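Have a look at the structure below before the remarks.
Values in this document were obtained by computation on a predicted structure and should not be read as measured data. The sequence lines fix the lettering, A, B, ..., with proteins before strands; numbering per chain opens at 1.
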Amino acid sequence: MLPQRIKVQAADFDISEEVRQLRAPYADVGAVAMFLGTVRDLNLGESVSNLYLEHYPGMTEKALEKVRQAAMQRWNLIDSLIIHRVGELKPQDQIVLTLALSRHRQDAIDACNFMMDYLKSHAPFWKKETTPDGERWVDARTSDEEALKRWGLEPQDLQD
Amino acid sequence: MSTHSVKVLYFAALRDALNTAEETLETTAKTVEELMHELAQRGDNWSAHLLENRRLRVSVNQELSRKSTHLQSGDEVAFFPPVTGG
């Protein structure tokens, strides 16, 4: 069975184990680049703000694979992986991991950046901030849409 | 006019606003836009969130789509706010 390259899961992940498993088959990898996204406490103060990650089961996996394939096409990568957690998370928890392997570093570094920018605006996840005082859906950031332009991608507005 | 059956899903803040997570309905809508107009008939809340919502996103069969995307019997349509993953 082929190891999974897209994982959407509630469970936490171990970065060094994921890197170890991903690069184990390859003797020609010279560069491993990664991005790790973590939960920030949005409500710094007395009451802690937790995070709830909602997603669209089925579409989430497809969308992330599309992101990963786009990176594999654009750069000279040996392999890549995306893990994204869902469900109840708390400050300092790990949320998302993108990994890219290449012979030389520029491909892996650029691919990781690209995968994060692309998934932030195209993968069906929604964050909800939960505090003892109530819940609030987190708004999408315009800087994420701006980041897309860097790669020549369009934001996914509901076009005609 | 013949109707066909589509499944419609709503996510996140939009689901909360419409108080509907999922439904299967018979519709004559041939495109996403026609479906949006049909659903907007339910009242001001639906109309505001579907037709007056510049940030609305839609997928058909789990692919991001447009208003002009055609609908067929058995399709799965989802409406949602801009995504905030990562």
Side-chain angles (χ1 to χ4, degrees), chain A residues 8 35-39 42 51-67 82-86 95-98 113 115-129 135-145 147-148 153-160, chain B residues 6-24 29-40 46-71 74-86:
Chain A
V8 177
F35 176 84
L36 172 67
T38 56
V39 180
L42 297 171
L51 204 62
Y52 178 76
L53 254 300
E54 179 170 327
H55 74 297
Y56 182 171
M59 184 175 176
T60 319
E61 293 82 349
K62 285 196 191 67
L64 290 177
E65 179 60 9
K66 200 169 169 185
V67 167
I82 303 176
I83 306 179
H84 202 302
R85 292 178 69 193
V86 292
I95 305 175
V96 59
L97 178 71
T98 61
N113 283 344
M115 285 195 283
M116 273 314 297
D117 287 344
Y118 198 173
L119 82 84
K120 284 209 74 88
S121 54
H122 286 65
F125 296 98
W126 299 273
K127 287 175 176 160
K128 184 166 66 172
E129 183 193 343
E135 301 181 337
R136 186 184 68 87
W137 291 99
V138 174
D139 285 324
R141 300 175 63 198
T142 49
S143 55
D144 288 333
E145 301 214 328
L148 286 182
L153 293 172
E154 290 302 315
Q156 283 294 316
D157 291 330
L158 184 54
Q159 295 140 15
D160 297 324
Chain B
V6 297
K7 184 172 171 189
V8 188
L9 306 176
Y10 307 88
F11 287 93
L14 185 64
R15 180 206 46 243
D16 291 352
L18 298 175
N19 203 29
T20 308
E22 178 176 329
E23 56 180 325
T24 301
K30 293 189 287 301
T31 64
V32 166
E33 187 164 24
E34 286 180 19
L35 180 63
M36 288 164 64
H37 280 279
E38 189 176 304
L39 293 169
W46 287 82
S47 178
H49 283 94
L50 294 180
L51 300 185
E52 291 154 48
N53 181 0
R54 290 179 59 238
R55 312 202 76 200
L56 185 71
R57 305 283 194 268
V58 73
S59 65
V60 177
N61 298 328
Q62 305 185 352
E63 295 276 340
L64 281 169
S65 297
R66 326 175 134 213
K67 284 193 215 166
S68 55
T69 300
H70 280 266
L71 296 178
D75 277 352
E76 177 172 297
V77 181
F79 293 104
F80 41 84
V83 300
T84 55

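A:Asp117 pairs by the side-chain hydrogen bond (donor to acceptor under 3.5 Å, both in side chains) definition with A:Arg150, A:Trp151, not counting sequence neighbours. Remark: A:Glu54 engages B:Arg15 in a salt bridge (Lys or Arg N to Asp or Glu O under 4.0 Å) (not counting sequence neighbours).
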Let me see the working for A:Trp137 and B:Thr84 under side chain to side chain contact (heavy atoms under 4.5 Å, CB included), right down to the final yes or no. CA-CA 9 Å; A:Trp137 291 99; B:Thr84 55; over 6 Å; no
Chi angles and distances behind the side chain to side chain contact (heavy atoms under 4.5 Å, CB included) call for B:Val83, A:Lys120: CA-CA 7 Å; B:Val83 300; A:Lys120 284 209 74 88; over 6 Å; no
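Expressed to the nearest 0.5 Å, how far CD of B:Gln62 lies from NZ of A:Lys66 amounts to 12.0 Å.
Both the backbone and the side chain of A:Lys127 come within contact range of chain B, with heavy atoms under 4.5 Å apart. When heavy atoms are compared at a cutoff of 4.5 Å, A:Lys128 does not approach chain B at all. In this structure, the portion of B:Ser59 lying under 4.5 Å from any heavy atom of chain A is its side chain and not its backbone.
Interface check for chain B: of the options A:Ala123, A:Gly37, A:Ala63, the most heavy-atom pairs under 4.5 Å are formed by A:Ala123.
Shown here for B:Arg55 and A:Ala140, the closest heavy-atom pair between the two residues is NH2-CB, 3.9 Å. The shortest non-hydrogen separation linking A:Met59 to B:Phe80 is CE-CZ, 4.5 Å.
A salt bridge is defined here as a Lys NZ or Arg NE, NH1 or NH2 lying under 4.0 Å from an Asp or Glu carboxylate O, and B:Glu63 with A:Lys62 fails to meet this definition.
Looking at A:Trp126, its side chain never comes within 3.5 Å of a backbone N or O of B:Gly85 through a donor-acceptor pair.
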